[in-house]
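Let me begin by presenting the structure, written as structure tokens, before commenting on it.
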Amino acid sequence: MRILNALKIKSSTYYNCRHWQTSRQAKRRESLKPYILDVWKTFKFYGYRRIAAYSQQTDGPKVSEYMTLKLMRELGIRSRIQKHYRKPKTVVTVDQRPNLIRHLHDLSGNQISLIFS
């Protein structure tokens, strides 16, 4: 007990530390980590929402989205994001014709219909 006095530590702190056990929640989190890692290895493109939905649909442990997100961050894993397909843009090699209608704004509607008829 002299050491505790020298370090200015209460004896209750020493005994609490000596009899410390991991909580049920911490044990559950540690048991869920391999499951989430296994699902992620199987489906690399799944994010935390899909992994949580997968756990609800299968016989495995039920995990919420928030818990899945926290455990994925602890494990340092992320979903691989697929790039969306982008339609290639058209390349015009022929000169465009001039827009003749653009210059007809000063004519009235009757005169325009006579020109195109």
Exercise for the section: Would you check, one step at a time, whether the test side chain to side chain contact (heavy atoms under 4.5 Å, CB included) holds for Trp40 with Leu37? Expected result: CA-CA 5 Å; Trp40 179 77; Leu37 192 60; 4.2 Å; yes
Practice task
Ignoring hydrogens and angles, tell me if any N or O in the side chain of Thr68 forms a donor-acceptor pair with the backbone of Ile51 under 3.5 Å.
Solution key: no
Practice task
Examine distances only and state if a side-chain atom of Asp38 and a backbone atom of Pro34 form a donor-acceptor pair shorter than 3.5 Å.
Solution key: no
What distance do [X] atom [atom1] and [Y] atom [atom2] have between them, rounded to the nearest 0.5 Å?
X     : Y     : atom1 : atom2 : value
Leu7  : Tyr14 : CG    : OH    : 12.0 Å
Leu71 : Ile36 : CG    : CD1   : 4.5 Å
Glu65 : Arg50 : CD    : CZ    : 12.5 Å
Gln21 : Ser23 : CD    : OG    : 10.5 Å
Arg29 : Thr22 : CZ    : OG1   : 12.5 Å
Gln56 : Tyr54 : CD    : OH    : 13.0 Å

Exercise for the section: Output yes when Lys27 and Glu30 qualify as a salt bridge under the 4.0 Å nitrogen-oxygen rule, no when they do not. Expected result: no
Exercise for the section: Is it possible for you to say whether Ile9 and Ile3 belong to one hydrophobic cluster, with membership spreading through side-chain heavy-atom contacts below 4.5 Å? Expected result: yes
Practice task
Kindly work out whether a path of hydrophobic side-chain contacts (I/L/V/M/F/W/Y, heavy atoms less than 4.5 Å apart) joins Tyr66 to Met72.
Solution key: no
Completion exercise
Taking every heavy atom of Phe45 against every heavy atom of Arg80, the minimum-distance pair comes out as CD2-O, 2.9 Å
Practice task
Please report the closest heavy-atom contact between Ser55 and Pro61, naming both atoms and the distance.
Solution key: CB-O, 3.3 Å
Exercise for the section: Step through the shown structure and confirm whether more than 12 heavy atoms of other residues, nucleotides or ligands are within 6.0 Å of NZ on Lys44. Expected result: yes
Practice task
Take atom NE2 of His19 as the centre, draw a 6.0 Å sphere, and report whether it contains more than 12 heavy atoms from other residues, nucleotides or ligands.
Solution key: yes
Practice task
Kindly write out the residues that satisfy salt bridge (charged side-chain N to carboxylate O under 4.0 Å, His left out) with Lys70, not counting sequence neighbours, or none if the list is empty.
Solution key: none
